[in-house]
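Below is one structure, written out as structure tokens; comments come after it.
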Amino acid sequence: MLSVRDLATAYGKIEALKGVSLDVAPGSITCLLGPNGAGKTTLMLTIAGVLKPRKGSIRFAESEISGLPPDAIVKRGIALVPENRLVFPSMTVLENLQAGAYQRKDDLGADVERVFARFPRLKERAAQQAGTLSGGEQQMLAVGRALMSRPRLLLMDEPSLGLAPLVVDEIFRTIAELHRDGATIFLVEQNAHMALKVAQHFFLMEQGKVTFSGNPGSLAEDEVIRRAYLGSSR
Amino acid sequence: MALLADLVQNTLDGVALGASYALLGIGFTLIFGVLRRANLAYGPALMLGAYAAAWASLSFHAGLLVLAGIAVAASIVAGAYVERLCFAPHRKGAAAAAMVASFALWMQLEEVAMLAMPRHLYAFPALYEGGPLEIGPFVVRVDALLTLLAAVAVCALLWAILYRTRFGLAVRAVIDDSRAAGLAGIDVPKIFMLVFALASAIGGLAGFLIAASHEQVTPMLGMWSTLKGMLAMMLGGLGSLPGAVLGGLALGLIEAHAHWFLGPQLRDFLVYLLLFALLALRPPWMAGARHG
């Protein structure tokens with residue numbers, strides 16, 4: 001469904017991605033693990049069109065999408081739930097959801113109801129400003145906002161970041177539910193233990209390169225976790 | 001009693017004056033809120049609009065409504081020129097580069113006005129020919145009243161656009177977080193352009209109203225408008241639209257009272273002193289801290 005080949009992205013002279021290649025199969029949860037600074041967020045932002053790659057290709061559903069602006073990527077059917085959620089703080093919960101469906105011109109009512117059914121707490125707070133929500137609620141809103149564009153591929157960058165353990169459980173329950181309902185999910189996570197429980201496939205990334213690819217059973221979990229946090233060279 | 005009468009009269013004058021400042025402040029704030037950039041060429045662009053209207057008035061005695069249309073249209077064209085040249089190329093980072101570029105265009109637009117119409121001062125038709133309204137002991141200029149009405153209408157229209165349309169939803173999303181807006185599927189560069197056009201149109205209307213109530217245009221209108229717009233925005237808390245309206249009115253009131261009680265020299269001094277105090281103390285309603 002998504003296939004990334006030899007992708008390189010740089011911030012000025014600093015190369016954050018040094019030739020990344022990976023695939024995400026349709027209908028799967030694929031997880032990207034790795035220590036801080038490995039380039040995971042850079043990869044997400046490059047796929048989503050926020051950063052322009054220096055070279056390489058990103059193919060989605062058989063067509064090249066690298067270098068397209070973010071709104072064109074959304075139109076193709078990819079939505080990113082960004083790191084730190086980035087909800088629109090001065091807008092209401094409902095308006096945040098409406099903004100997520102900006103590309104669509106049809107009736108949003110059914111989709112809003114579907115998001116509210118999945119996250120009942122958002123419904124209670126529909127008229128509240130998003131900036132007043134708790135971290136967990138903002139994460140749910142960010143997921144709901146991304147779902148409003150009816151993506152074929154959902155990218156999630158560190159959805160559990162800074163959340164309490166109970167809320168993290170809830171987020172991962174949501175991820176599993178979305179997958180059961182047919183979504184394809186490409187997930188970046190620091191919480192390797194939780195991520196390996198839901199993923200069918202995972203990649204390890206270190207210093208701008210993919211260093212390991214496998215199924216959750218293919219490498220002992222403590223070994224994955226060690227390499228995800230510390231890198232393989234240490 | 002005389003003091004009270006003075007206070008009331010000054011307040012009436014101040015609100016009238018503040019209405020045009022409020023319009024300038026709204027235009028300036030829209031651009032600042034969306035792009036996070038100070039557009040120093042904002043005043044000169046609307047000055048060019050007022051010049052185009054003055055030229056049309058001198059050349060074929062066009063009516064006031066036509067002149068307003070010309071001022072708005074020419075301001076939009078000048079604003080689009082500024083946006084393409086200063087702000088579109090410097091979208092990511094480089095806030096200082098964009099501001100300096102807008103300073104260069106300020107100089108350039110002023111030169112264009114002076115080359116096209118080389119006399120320092122051109123007459124502009126009055127908004128209203130008759131005398132002022134007298135309400136008891138107080139006097140209100142009709143053109144000031146019309147400016148106030150226009151400002152109220154613009155605020156209402158802008159509110160409706162921002163809170164009742166799909167375009168407004170996108171604008172508010174971009175103001176809140178332009179990266180997240182792009183990720184939500186909003187064409188952010190297009191919103192930048194449209195907001196610039198909207199702000200320029202409001203600026204053009206303000207330029208027309210100011211020129212028509214002063215009954216003249218000079219190249220100084222450019223710098224004057226940038227300054228008043230920026231002051232209104234800063235007094236109103238940097239980036240809030242209702243704040244810009246209040247800031248504009250406050251600026252008008254302060255100027256009117258200071259002019260009467262302290263004289264014209266101390267008037268501007270007092271305004272800048274107040275601005276300095278606000279920026280130094282950063283009271284809680286100033287949102288500037290959040291925007292960096």
Side-chain angles (χ1 to χ4, degrees), chain A residues 11-12 41 44-52 68-92 94-106 108 129-131 138 141-151 154-157, chain B residues 29-30 32-34 36 88-94 97 158-195 236-244 284-292:
Chain A
Y11 300 96
T41 292
M44 286 297 187
L45 292 176
T46 307
I47 296 171
V50 174
L51 299 173
K52 301 272 169 274
L68 292 178
D71 55 297
I73 303 279
V74 174
K75 198 165 206 156
R76 298 293 178 100
I78 300 179
L80 169 65
V81 182
E83 189 179 14
N84 296 320
R85 334 188 217 293
L86 306 187
V87 297
F88 302 118
S90 79
M91 289 163 54
T92 65
L94 182 61
E95 286 172 338
N96 267 269
L97 295 179
Q98 288 165 344
Y102 188 73
Q103 297 261 347
R104 293 172 42 197
K105 303 208 164 64
D106 51 334
L108 307 178
Q129 285 197 343
Q138 288 194 14
L141 180 57
V143 174
R145 180 179 64 187
L147 292 176
M148 288 298 291
S149 68
R150 292 196 182 159
L154 188 62
L155 308 175
M156 301 177 98
D157 193 354
Chain B
T29 303
L30 264 179
F32 184 79
V34 168
R36 300 273 186 269
H90 294 297
R91 206 140 265 158
K92 291 209 174 93
L158 193 61
W159 185 88
I161 290 175
L162 286 177
Y163 288 91
R164 288 290 176 269
T165 69
R166 195 166 160 271
F167 167 66
L169 185 77
V171 172
R172 285 186 294 135
V174 172
I175 290 176
D176 262 11
D177 192 319
S178 61
R179 172 178 285 187
L183 291 172
I186 293 165
D187 185 346
V188 177
K190 192 168 132 197
I191 298 294
F192 281 159
M193 241 167 70
L194 291 173
V195 165
L238 274 172
S240 134
L241 287 167
W285 75 83
M286 298 266 295
R290 206 189 71 194
H291 302 322

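The chains referred to below are lettered A, B, ... by the order of the sequence lines, with proteins before strands, and numbering in each begins at 1.
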Partner chain B: residue of Asp71(A), Asn96(A), Val74(A) with the largest heavy-atom pair count (under 4.5 Å): Asp71(A)
Name the member of Gln103(A), Gln98(A), Met148(A) that forms the most heavy-atom pairs with chain B at distances under 4.5 Å. Gln103(A)
With side-chain contact (heavy atoms from CB on, under 4.5 Å) as the test, would you mind laying out the steps for Leu241(B) and Leu162(B) before giving the verdict? CA-CA 11 Å; Leu241(B) 287 167; Leu162(B) 286 177; 3.3 Å; yes
Quick check against the 3.5 Å criterion: does Asp177(B) have a side-chain atom that pairs as donor or acceptor with the backbone of Arg179(B)? yes
Non-hydrogen atoms of chain A under 4.5 Å away: do they reach the side chain of Arg172(B), the backbone, both or neither? both
Based on non-hydrogen pairs under 4.5 Å, which of Met91(A), Arg85(A), Arg145(A) is most in contact with chain B? Met91(A)
Would you please test Leu154(A) and Val81(A) for side-chain contact (heavy atoms from CB on, under 4.5 Å) and show each step? CA-CA 8 Å; Leu154(A) 188 62; Val81(A) 182; 4.1 Å; yes
Quick check on Leu45(A) against chain B: is it the side chain, the backbone, both or neither that has a heavy atom closer than 4.5 Å? side chain
Just do the side-chain contact (heavy atoms from CB on, under 4.5 Å) check on Val174(B) and Val195(B) with the steps written out, would you? CA-CA 10 Å; Val174(B) 172; Val195(B) 165; over 6 Å; no
Can you tell me if Arg150(A) uses its side chain to pair, donor with acceptor, with the backbone of Leu147(A) under 3.5 Å? no
Interchain contact, Ala99(A) with chain B, by part (heavy-atom threshold 4.5 Å): both
